Student: 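Pasting a structure here, questions to come.
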Amino acid sequence: CSKMSCGRGALIVLEGVDKAGKTTQCKKLVQALIASGRPAEMMRFPDRTTKIGQLISAYLEKKSNLEDQTVHLLFSANRWELVPEMREKLERGISLVVDRYAFSGVAFTSAKPGFSLEWCMNPDVGLPKPDLVLFLQLHPTAASQRGQFGAERYETSDFQRVVMQRFEHLMKDPSLNWQVIDAAKSIEELHAEIKTHSETAIAMAENQPIGELWK
Ligand code: ADP
Ligand code: 2DT
């Protein structure tokens, strides 16, 4: 048991297009939760440290080429390989703050020609279901003002525009606790909003079993 409760931790996901501020906010949220006596850890997908993650990383860095189907399934496998660790931490009362999850998986692959949302969702069906999905909403023009795109795959404004449309479709799913945040605000304003939503989600999750995504 932690200082605050005996319940499980919450699974909190941050999603959004490139440069929306996900990484900045994940780090600040974990620090704030810990400071208020709520155990929390950060995770990110893809997790490039595993063997599967290294294959993904080489693909993103354009050091290797893979079929679109292959890389989609590797992204999903990279989540599944971390599920035992995630469950164990959640059961121990640790809240997980996750930088991208299955929603990025679906939004990015389905932004490619010929990929249906349904095909893209299938491999991630049954993953631990997030208690809260924070979507950092940022207009592509505002995103481009935060600096140049890097050299990785997918880092072009045209592709990101389609990705954004796919995210908007996923956000219509009422079985998930989506909270859309205006990411054009200051880092501190965003942090305050995100912290409030997260505290509510942590309190709600305590007495509930971990759900199954898209099931
Ligand atoms: P993401 O993880 O979504 O790609 P980052 O957290 O890495 O985004 O932030 C991308 C860039 O934008 C960084 O240079 C960061 O300092 C800056 N940034 C993050 N949040 C804000 C904000 N609210 N306002 C202005 N700039 C921001
Ligand atoms: P960052 O490491 O900068 O977040 O970029 N992606 C991510 C997918 O295509 N599928 C997925 O399942 C996930 C989690 C988004 C990682 C890039 O990989 C994309 C940007």
Side-chain angles (χ1 to χ4, degrees), residues 13-31 42-50 52-64 66-83 86 96-112 115 117 119-125 127-128 130 133-157 159-164 166-167 170 181-195 213-214:
V13 169
L14 274 82
E15 285 282 8
V17 291
D18 274 21
K19 295 189 283 195
K22 297 178 296 299
T23 306
T24 305
Q25 294 299 330
C26 282
K27 288 182 181 161
K28 286 182 73 76
L29 178 59
V30 168
Q31 282 174 1
M42 181 171 166
M43 298 181 72
R44 63 158 54 240
F45 289 110
D47 178 336
R48 303 188 192 211
T49 66
T50 70
I52 294 169
Q54 284 160 28
L55 296 173
I56 295 169
S57 189
Y59 171 82
L60 289 171
E61 292 169 11
K62 300 178 185 167
K63 289 176 180 161
S64 70
L66 295 168
E67 287 299 296
D68 293 327
Q69 288 83 349
T70 307
V71 76
H72 182 76
L73 296 172
L74 287 175
F75 273 114
S76 180
N78 184 231
R79 284 182 280 279
W80 281 107
E81 69 178 332
L82 285 153
V83 166
M86 292 172 73
L96 298 176
V97 175
V98 187
D99 190 341
R100 297 192 190 274
Y101 199 52
F103 314 100
S104 277
V106 173
F108 278 74
T109 302
S110 70
K112 298 177 178 181
F115 285 88
L117 226 45
W119 188 92
C120 294
M121 287 163 85
N122 255 323
D124 286 312
V125 170
L127 279 177
V133 192
L134 292 154
F135 188 83
L136 274 58
Q137 178 98 268
L138 190 65
H139 193 273
T141 319
S144 70
Q145 283 160 4
R146 289 187 182 174
Q148 299 293 93
F149 278 115
E152 287 207 335
R153 235 179 260 264
Y154 307 143
E155 296 186 333
T156 68
S157 44
F159 192 72
Q160 297 278 326
R161 237 174 277 273
V162 188
V163 169
M164 185 73 193
R166 297 296 182 267
F167 272 128
L170 291 172
I181 308 280
D182 175 9
K185 292 181 183 173
S186 75
I187 290 176
E188 291 306 327
E189 272 180 295
L190 286 168
H191 171 61
E193 265 184 58
I194 288 170
K195 186 164 169 276
L213 180 63
W214 292 327

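The structure presented is a predicted model; accordingly, all values stated were derived computationally and were not measured. Every number for a ligand or one of its atoms is a count from 1 in the order of the listing.
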Student: Protein non-hydrogen atoms only, distance under 4.0 Å: does atom 16 (O) of ligand 1 have such a neighbour?
Tutor: no

Student: Shortest non-hydrogen contact from Phe135 to Met164?
Tutor: CE2-CE, 3.8 Å

Student: Where is the nearest protein heavy atom to atom 13 (C) of ligand 1: which residue, which atom, and how far?
Tutor: Thr24 OG1, 5.0 Å

Student: Would you kindly say whether Thr109 and Arg166 are connected by a side-chain donor-acceptor distance under 3.5 Å?
Tutor: no

Student: Check if Ser186 has a non-hydrogen atom at a distance under 4.0 Å from any atom of ligand 1.
Tutor: yes

Student: What's the shortest distance from atom 8 (O) of ligand 1 to any protein heavy atom, and which residue and atom give it?
Tutor: Gly21 N, 3.1 Å

Student: Once you restrict both partners to nitrogen or oxygen, which atoms of ligand 2 have a protein partner under 3.5 Å, and how far apart are they?
Tutor:
unit_1: ligand 2; atom_1: 2 (O); unit_2: Arg48; atom_2: NH2; d: 3.0
unit_1: ligand 2; atom_1: 4 (O); unit_2: Arg100; atom_2: NE; d: 2.7
unit_1: ligand 2; atom_1: 12 (O); unit_2: Arg79; atom_2: NH1; d: 2.7
unit_1: ligand 2; atom_1: 12 (O); unit_2: Arg79; atom_2: NH2; d: 3.2
unit_1: ligand 2; atom_1: 12 (O); unit_2: Gly105; atom_2: N; d: 3.4

Student: For ligand 1, find out whether one of its N or O atoms is nearer than 3.5 Å to an N or O atom of Asp18.
Tutor: no

Student: If we count only N and O atoms by modelled type, under 3.5 Å, do the side chains of Thr156 and Gln160 hold a donor and an acceptor together?
Tutor: no

Student: Hey, looking at atom 22 (C) of ligand 1, which of Arg146, Glu189, Glu15 has the closest heavy atom?
Tutor: Arg146

Student: For the pair Trp214 and Phe103, name the ring-plane relationship: parallel under 30°, tilted 30 to 60°, perpendicular over 60°.
Tutor: perpendicular

Student: Is the closest N or O pair between Thr23 and ligand 1 shorter than 3.5 Å?
Tutor: yes

Student: Using a strict cut-off of 4.0 Å, indicate which atoms of ligand 1 neighbour a heavy atom of Lys22.
Tutor: 1 (P), 2 (O), 3 (O), 4 (O), 6 (O), 8 (O)

Student: Which atoms of ligand 1 are found less than 4.0 Å from any heavy atom of Ile187?
Tutor: 20 (N), 21 (C), 22 (C), 23 (N)

Student: Answer yes if a protein heavy atom lies under 4.0 Å from atom 10 (C) of ligand 1, otherwise answer no.
Tutor: yes

Student: Lys19 side chain to Gly147 main-chain N or O, any donor-acceptor pair under 3.5 Å?
Tutor: yes

Student: Give the residue and atom name of whichever protein heavy atom lies nearest to atom 23 (N) of ligand 1, and the separation in Å to one decimal.
Tutor: Lys185 O, 2.9 Å

Student: Ignoring angles and geometry beyond distance, decide whether Leu190 reaches within less than 3.5 Å of ligand 1 through its nitrogen or oxygen atoms.
Tutor: no

